[in-house]
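Notes for the one structure printed next.
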Amino acid sequence: MQECVVVTLFRVQDVGWTREVKLFGILSLACNEVTMVKQVCIIGAGPSGLASIKCCLDEGLEPTCFEMGDDIGGLWKYRDEVMEGQGNIYLSLVTNTSKEMMCFSDFPMPAHFPVFMRHTVLFQYFHLYANKFQLTKYIRLKTKVKSVTKQTDFPSSGQWNIMIVDENGKEEKLVFDAVMFCSGLQMNPHLPLKSFPGIEHFRGRYLHSHDYKKPQEFQGQRVLVIGASNSGVDVAVGVSDLASQVYLSTRSGVWIFDPLADNGHPLDMALLSRWFFKKLYWCSWEAKKAEQKLNKRFDHANFGLQCKYGCLSRQGTINNHLPYRIISGSVIVKSNVESFTETGALFEDGTSVENLDAVIFATGYSQNYPTVEADGSLSMDARDRRFIFKNVFLPELSKPTLALIGKVEPIGPTPPVSEIQARWACRVFKGLTSLPDQVCMMEEVKKNEISWEKLSQNGQRHPYEVSFIDYMDDVANQIGVKPNLLRLSLRDPALACSVFFGPCTPYQYRLQGPGRWEEAAQAIRTQWDRTLTPTRTRVLPHSETTTNRRATTDFFFKFAFLVLLAGLGVLYYL
Ligand SMILES: Cc1cc2nc3c(=O)[nH]c(=O)nc-3n(C[C@H](O)[C@H](O)[C@H](O)COP(=O)(O)OP(=O)(O)OC[C@H]3O[C@@H](n4cnc5c(N)ncnc54)[C@H](O)[C@@H]3O)c2cc1C
Ligand SMILES: *[C@@H]1O[C@H](CO)[C@@H](O)[C@H](O)[C@H]1NC(C)=O
């Protein structure tokens, strides 16, 4: 630190600006106070960990990332065997968010990558990212972080003791100025066996969807899948290819979204726009309209799926195969299970199924959030997410040197959310952005808890679910990178239109402020090209027709937007 001041002074003196020397000296001394954080420990090299390393480097911090697995990419690294205490995926997994929405904000996916990617393709993207920004040299593979404890002088230093253990069982103790927890969210399967009386007598096999790998395991079997969430439906559809019969039990029904919206555009690019969310907020009929549309494709009541919640009030299920599996009889929808027998299951509606070979519980995950114990050690026992400030900082710590990254489930893509959290955390570590005082943080946290309680009573929200655009904007506001639409529409009206009416792609958060990326605007202009390129694989003589149609509607919107702006301007000056 001292060195840093001296160097600054000298540099300025060389140039001969004596007056500025004093100023710089004072400034650097002031910075000295807040730029104490240098060495950052990052736990996990999944998407969240990779983004965190990159953000540390961008801010001049020195990251060291520990990954217990033998590769980067987190749960997107497919393994045939089930990894306990880690996220797992199955062989047939395809992303349910599109490539333009789920990329990092300064690294668009290659144009030829498909829009919805098989896990192998997404895994490849994370390797491309790590190579491009040379992140691998900061990662220690096959090294597990065993414990995290406050340093004894934490109140003044904010430092942490980290205990790591390598593949040979050798332990090592290290000290870090800050810690970023990027250990994933879907690793502790929630198996509520108590709610399923009789399961202990069931003679078939039962497992959690976390442990499901491929349909071959269930060839010719009669299988019951419990839960119609994204993973439940995906597993039911996958297993039904080879099983003799699949039953899908759902307690409250579910809305099924087609990943392809109008014109075959990706669903998330159609729904996750600022314009659509404004409409939802101001026009109560928009949500009803969306439900009518979903029922127009297939009537959810006739398919046994009718849901008691609004289609946009909680996470729906994105799957285009289920209706066809239902109509062809390979998946039969049932109500909630009341109890199990030795060979079958009884349902709440009084029906039953017999001769079941296997039951797969797609009952989600229980979340472990760290709690700081009285002795200063961090325990990973379940803690209420709602007591975490904006899902990132623990309000009770006197120094904000610990951040949780990616411990949130956005209704939308995850990687850009982790990335913006990491950008915020790094700026807080450096003291360039400050957090509100502890009392204010607790107040906000408590306020959220009250509104969450209300929502969860209506059964509308999981505790860790957040709305994608709202959350991104909220965190972006902390570091001044939320796009300023008014300023943008004066400088580049066409771009402002894309930002407002188009999909809220992550590039929007690189248009201005710290971490601005020169090519962000261009990335937004070309986002539809990268979306359409991978499927335009057969050259057609009239292939320009669809583009033209889009261009026309785009033009209409832009025009309307300009008229509105002009109107506002006139009103302002009157
Ligand atoms: C079946 C499934 C499908 C999904 N589909 C999508 C999708 O389509 N789109 C989307 O945006 N998101 C999807 N997700 C969400 C997914 O969680 C995120 O995309 C992303 O993987 C989160 O990254 P992460 O780095 O936070 O966690 P993870 O990918 O889980 O990575 C965490 C890493 O931390 C390591 N680690 C943990 N503890 C330690 C320790 N103590 N020491 C050292 N290393 C440790 C683990 O080994 C792992 O490599 C899906 C999730 C699941 C389970
Ligand atoms: C995509 O699927 C995963 C896991 O099955 C789920 O957690 C996530 O919420 C889904 N995303 C959306 C946008 O539905």
Side-chain angles (χ1 to χ4, degrees), residues 41-53 65-79 83-90 92-99 101-103 116-119 122-123 125-126 139-148 162-166 179-189 209-210 212 227 229-235 254-257 259 266-268 271-272 314-319 362 364-365 368 370 378 380 404-419 421-422 462 464-468 506:
C41 166
I42 295 169
I43 307 175
S48 305
L50 294 175
S52 298
I53 304 176
C65 173
F66 303 102
E67 165 57 56
M68 60 185 181
D70 58 2
D71 204 342
I72 63 168
L75 57 77
W76 297 100
K77 162 92 185 171
Y78 175 80
R79 293 178 175 91
M83 309 297 285
E84 292 302 332
Q86 282 187 49
N88 270 303
I89 52 171
Y90 34 91
S92 61
L93 180 65
V94 175
T95 65
N96 52 16
T97 49
S98 70
K99 70 175 195 180
M101 296 299 298
M102 79 181 301
C103 64
F116 293 109
M117 291 156 286
R118 274 182 288 168
H119 58 82
L122 184 59
F123 177 66
Y125 170 76
F126 292 127
I139 303 171
R140 281 177 65 176
L141 294 175
K142 299 186 191 165
T143 309
K144 181 176 177 165
V145 173
K146 221 177 118 185
S147 72
V148 178
I162 312 287
M163 178 76 88
I164 56 169
V165 49
D166 68 12
V179 180
M180 298 172 96
F181 254 89
C182 311
S183 52
L185 195 62
Q186 286 103 340
M187 44 195 204
N188 301 301
S209 59
H210 175 265
Y212 166 75
S229 58
N230 276 284
S231 42
V233 170
D234 228 14
V235 169
V254 68
W255 288 103
I256 301 289
F257 288 83
L267 177 72
D268 56 354
L271 290 190
L272 296 177
R314 69 189 266 183
Q315 181 82 282
T317 290
I318 303 179
N319 196 293
Y365 293 84
N368 286 5
L378 212 57
M380 287 302 293
L404 312 182
I405 309 294
K407 301 264 184 198
V408 60
E409 199 170 291
I411 307 183
T414 311
V417 172
S418 302
E419 185 194 27
Q421 289 178 326
H462 290 304
Y464 36 90
E465 225 170 72
V466 296
S467 152
F468 178 72

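When a ligand or atom number is given, it counts from 1 through the structure's own listing order.
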May I ask you to identify, for Asp234, whether its side chain, its backbone, both or neither come under 4.0 Å of ligand 1 on a heavy-atom basis?
neither

How about Phe123 and Tyr78: do any of their side-chain heavy atoms sit closer than 4.5 Å?
no

Does Asn230 use its side chain to pair, donor to acceptor, with the backbone of Ile318 at less than 3.5 Å?
yes

Distance-only donor-acceptor check, side chains Thr97 and Asp268, under 3.5 Å:
no

Proximal atoms of ligand 2 relative to Ile318 (non-hydrogen, under 4.0 Å)
12 (C), 13 (C), 14 (O)

Kindly confirm or rule out an N or O of Thr97 lying under 3.5 angstrom from an N or O of ligand 1.
yes

Region of Lys144 that comes within reach of ligand 1 [heavy atoms, distance under 4.0 Å]:
both

Can you find an N or O of Leu185 that's nearer than 3.5 Å to an N or O of ligand 1?
no

Taking side chain as C-beta onward, heavy atoms only, is Asn96 less than 4.5 Å from Phe257?
no

If you measure every N/O of Trp76 against every N/O of ligand 1, is any gap under 3.5 Å?
yes

Please indicate whether any nitrogen or oxygen in Asn96 is less than 3.5 Å from any nitrogen or oxygen in ligand 2.
yes

If we only count heavy atoms from C-beta on, is the Gln186 to Leu75 side-chain gap below 4.5 Å?
yes

Does the residue Gly44 have a heavy-atom contact with ligand 1, meaning some pair of atoms that are separated by less than 4.0 Å?
yes

Taking both backbone and side-chain atoms of Ile89, is any N or O found less than 3.5 Å from an N or O belonging to ligand 1?
no

For atom 3 (C) of ligand 1, the protein heavy atom that lies nearest, with its residue and separation
Leu93 CD2, 3.8 Å

Would you say the side-chain atoms of His210 pair up with the backbone N or O of Gln86, donor to acceptor, closer than 3.5 Å?
yes

Can you check whether Gln315 has an N/O within less than 3.5 Å of an N/O in ligand 2?
yes

Spell out, as yes or no, whether a donor-acceptor pair under 3.5 Å connects the side chain of Ser418 to the backbone of Pro416.
no

Any salt bridge linking Arg79 with Asp70? Criterion: basic side-chain nitrogen under 4.0 Å from a carboxylate oxygen.
yes

Is there a donor-acceptor contact under 3.5 Å linking the side chains of Ser183 and Lys407?
yes

Check each of Ser147, Ser183, Pro413 against atom 37 (C) of ligand 1 and report the one with the nearest heavy atom.
Ser183

Please list, in number order, the atoms of ligand 1 under 4.0 Å from a heavy atom of Pro415.
11 (O)

Do Met68 and ligand 1 have an N or O pair less than 3.5 Å apart?
yes

Backbone or side-chain N or O of Thr414 under 3.5 Å from ligand 1 N or O:
yes

Hey, is ligand 1 close enough to Ser48 that some N/O pair sits below 3.5 Å?
yes

Which residue and non-hydrogen atom of the protein lie closest to atom 31 (O) of ligand 1, and at what distance in Å?
Gly74 CA, 3.4 Å

Is Asn96 close to ligand 1, meaning an N/O of one under 3.5 Å from an N/O of the other?
yes

For Pro47 and ligand 1, answer yes if some heavy atom of the residue is under 4.0 Å from a ligand atom, otherwise no.
yes

Any side-chain heavy atom of Lys142 within less than 4.5 Å of one from Glu67?
no

Report yes if the side chains of Phe468 and Met101 come closer than 4.5 Å at any heavy-atom pair, otherwise no.
yes

Can a side-chain donor-acceptor contact be found between Tyr212 and Asn88 if the only test is distance below 3.5 angstrom?
no

Hey, which atoms in ligand 1 end up nearer than 4.0 Å to a heavy atom of Thr143?
43 (C)

Just wondering, do Val148 and Phe181 contact through their side chains at under 4.5 Å, heavy atoms?
yes

Just to be sure I read this right, does ligand 1 sit under 4.0 Å from the backbone of Gln186, its side chain, both, or neither, counting only heavy atoms?
side chain

What atoms of ligand 1 come closer than 4.0 angstrom to any heavy atom of Cys182?
32 (C), 33 (C), 34 (O)

Taking 4.0 angstrom as the limit and counting only heavy atoms of Met102, give me the atoms of ligand 1 inside it, by number and element.
9 (N), 10 (C), 11 (O)

Got an N/O contact under 3.5 Å between Glu67 and ligand 1?
yes

Ligand-residue contact atoms, ligand 2 with Gly412, heavy atoms, under 4.0 Å
13 (C)

Min side-chain heavy-atom separation Glu465-Ile411 under 4.5 Å:
yes

